[in-house]
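Here is the structure we will look at, set down as structure tokens.
Please read all numbers here as calculations on a predicted model, not as lab measurements. In what follows, every chain begins at residue 1, and chains take the letters A, B, ... in the order their sequences are listed.
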There are 2 protein chains.
Amino acid sequence: MTRMTAAQSPYSPADRPRLGLRERKKIKTREAIRAATYALVKEQGYDATTIEQIAERAEVSPSTVFRYFPTKEDIVLTDEYDPVMLAELRARPEDEPWMDSVRHVMRRTLDLSDREDPEVLRLRAHLGVQVPAIRSRYFESMTETGRLLREALAERTGRDPESLEVRVSAMALIGGMMEVSMYWAENGFEGELRDLMERALDVMEHGLGPENPSGPRHRP
Amino acid sequence: MTRMTAAQSPYSPADRPRLGLRERKKIKTREAIRAATYALVKEQGYDATTIEQIAERAEVSPSTVFRYFPTKEDIVLTDEYDPVMLAELRARPEDEPWMDSVRHVMRRTLDLSDREDPEVLRLRAHLGVQVPAIRSRYFESMTETGRLLREALAERTGRDPESLEVRVSAMALIGGMMEVSMYWAENGFEGELRDLMERALDVMEHGLGPENPSGPRHRP
DNA sequence: CCATGAAATGAGAGTAACTATCAAAACAGG
DNA sequence: CCTGTTTTGATAGTTACTCTCATTTCATGG
């Protein structure tokens with residue numbers, strides 16, 4: 001008997017009837033590869049999972065896996081939130097302070113991701129801590145997000161998006177956000193990522209400040 | 001005839017007579033591998049350079065190359081400045097503002113690196129822009145620097161180095177510094193890296209500010 | 001319903017980074 | 001010079017990833 005790939009994805013396949021059969025199959029294949037990868041990684045860990053195993057469980061050939069994702073890390077890390085973030089950032093009122101916009105958009109994006117698949121963010125953060133190759137690639141994908149950030153920041157402040165100042169501002173934000181993800185994973189996913197992000201943005205906006213009443217104290 | 005590996009390193013081999021022959025040979029091998037890699041990468045590019053070629057030019061076996069460096073990227077990116085930075089950071093007066101200490105130490109470290117080998121920083125930044133694998137690994141090595149930064153920052157401010165706030169502050173700095181390096185390389189290494197770093201630290205300390213008189217203007 | 005062109009897939013061979021193992025060579029110390 | 005320890009080299013193996021080409025699968029017009 002043929003085993004189902006068991007895609008308990010939030011979308012039912014009939015949701016998109018306007019797409020041709022070809023397009024629908026491509027989407028299904030993509031999701032099957034990702035689902036197979038997530039499952040195998042949870043079972044055996046990232047390094048122990050080979051492309052062959054992924055292909056087998058997703059019921060495609062190894063060639064096809066590479067046709068859909070350029071690297072093994074990308075299977076885990078790829079998503080489509082960047083355009084969403086940029087759109088939301090542009091939709092914010094012109095006169096809103098930049099960091100407030102970022103706060104707002106980050107919260108919305110995190111909520112969205114959490115609603116679609118609450119496991120994914122955790123798995124990524126976890127692998128980002130455990131697997132160097134993933135961490136590296138994670139950073140790489142964050143720099144792409146950084147490029148969007150500097151576009152939006154440049155529009156908002158009327159500066160050149162390629163200026164050193166804008167680029168550094170955007171990338172410093174990205175660095176801080178990356179650290180939030182690592183912190184979250186290293187501390188057993190305690191607390192809401194959304195709240196940690198908020199605290200991080202506060203620090204990046206105002207600096208550490210002389211004292212932080214709610215923060216932890218130096219170890220004794 | 002046997003070709004010399006031509007290590008025009010600032011240290012002459014006789015500089016360290018207190019080390020045994022074994023230790024001296026190891027240092028020489030390490031430098032030979034690095035020199036061979038730099039030369040080959042300049043000639044052919046990073047991807048086209050194989051470990052075998054590196055081994056051949058350095059006159060060692062491929063096994064030995066991997067014994068000295070865990071990955072190909074590490075041959076290009078490894079250095080020993082982190083401990084120096086930490087020491088200098090700790091040597092700064094207790095009451096100096098944190099960002100001033102960072103500014104000071106960064107300038108000293110960049111100068112030191114520039115004096116030892118002015119090409120290396122450029123090559124790294126260049127490859128960081130061109131080669132994704134290098135860029136990723138570059139980031140990875142920066143996060144290690146970030147760990148030092150948060151130690152120093154925690155000591156200075158009396159906070160827990162593992163607190164979210166300290167970690168985010170340190171990593172945001174790293175993100176900004178990384179971007180400086182990329183900016184420098186993408187703009188043909190125009191201007192002194194030291195000066196760009198200074199501008200970056202200003203932005204990270206005070207934010208973009210309402211106007212930047214000396215900065216470039218939005219493209220027309 | 002079928003024929004034709006285009007797109008997607010699978011199979012195979014190949015490259016290169018990296019690992020593990022083990023025997024030979026180079027050194028250190030007596 | 002002899003002995004024990006380090007360091008090296010050779011070899012075989014794994015796996016991510018690339019390239020090529022024949023086969024299959026879908027789209028479309030008659």
Legend entry - Nearest-0.5 Å distance that lies between atom CG in A:L40 and atom OG1 in A:T50: 8.0 Å
Legend entry - Side-chain N or O of B:Y68 closer than 4.0 Å to phosphate OP1/OP2 of D:dT7: no
Legend entry - Phosphate-side-chain proximity, B:K72 and C:dC18, N/O vs OP1/OP2 below 4.0 Å: no
Legend entry - Between D:dT8 (C1') and B:R30 (CZ): distance, integer Å: 16 Å
Inset, instruction - Hey, which sits more toward the 5' end of DNA chain C by its nearest nucleotide, B:P70 or B:R67? - result: B:P70
Inset, instruction - Go through C:dA8, C:dC18, D:dT15 for me and flag the one nearest to the A:T50 side chain. - result: D:dT15
Inset, instruction - Please tell me which of the listed nucleotides, D:dG9, C:dA8, C:dG10, lies nearest to the side chain of B:V60? - result: D:dG9
Legend entry - A:I51 CD1 - D:dT18 P separation (whole Å): 10 Å
Inset, instruction - Round to a whole Å and report the spacing from CG of B:D74 to P of C:dT19. - result: 11 Å
Inset, instruction - Would you kindly say whether B:Y46 and B:E73 are connected by a side-chain donor-acceptor distance under 3.5 Å? - result: yes
Report, one pair per line, the protein and nucleotides 24-30 of chain C atoms (nitrogen or oxygen only) whose separation is under 3.5 Å.
from   : atom 1 : to    : atom 2 : distance (Å)
C:dA26 : N3     : B:R22 : NH2    : 3.0
C:dC27 : OP1    : B:K25 : NZ     : 3.2
C:dC27 : O2     : B:R22 : NH1    : 3.3
C:dC27 : O2     : B:R22 : NH2    : 3.2
C:dA28 : OP1    : B:L21 : N      : 3.1
C:dA28 : OP1    : B:R22 : N      : 3.4

Legend entry - No-hydrogen, no-angle side-chain donor-acceptor test under 3.5 Å, A:E116 and A:Y81: yes
Legend entry - Interatomic distance, A:E56 CD vs C:dA11 P [rounded to whole Å]: 12 Å
Inset, instruction - Let me know the distance between CG of A:D47 and P of D:dT14, rounded to the nearest Å. - result: 17 Å
Inset, instruction - Find the distance A:K28:NZ to D:dC26:C1' and express it as a whole number of Å. - result: 15 Å
Legend entry - cation_pi(B:K26, B:Y68) dist<6.0 Å, angle<=45: no
Legend entry - Side chain of A:S61 - closest among C:dG10, D:dC17, C:dC18: C:dG10
Inset, instruction - Would you tell me whether A:R156 and A:S101 have side-chain atoms, one donor and one acceptor, within less than 3.5 Å of each other? - result: yes
Legend entry - Closest nucleotide among D:dG9, C:dC18, D:dC17 to the A:T71 side chain: D:dC17
Inset, instruction - Measure the distance from CZ on B:R137 to P on C:dA17 and round it to the nearest whole Å. - result: 16 Å
Inset, instruction - Check whether any side-chain N or O of A:S63 sits under 4.0 Å from OP1 or OP2 of C:dG10, and answer yes or no. - result: no
Legend entry - salt_bridge(B:R150, A:E179) N-O dist < 4.0 Å: yes
Legend entry - Atom pair distance, as rounded to whole Å: CD in B:E52 and P in D:dG9: 14 Å
Legend entry - Phosphate OP1/OP2 of C:dG10 contacted by A:T64 side-chain N/O (<4.0 Å): yes
Legend entry - Geometric cation-pi criterion, A:R34 with A:F69: 6.0 Å, 45°: no
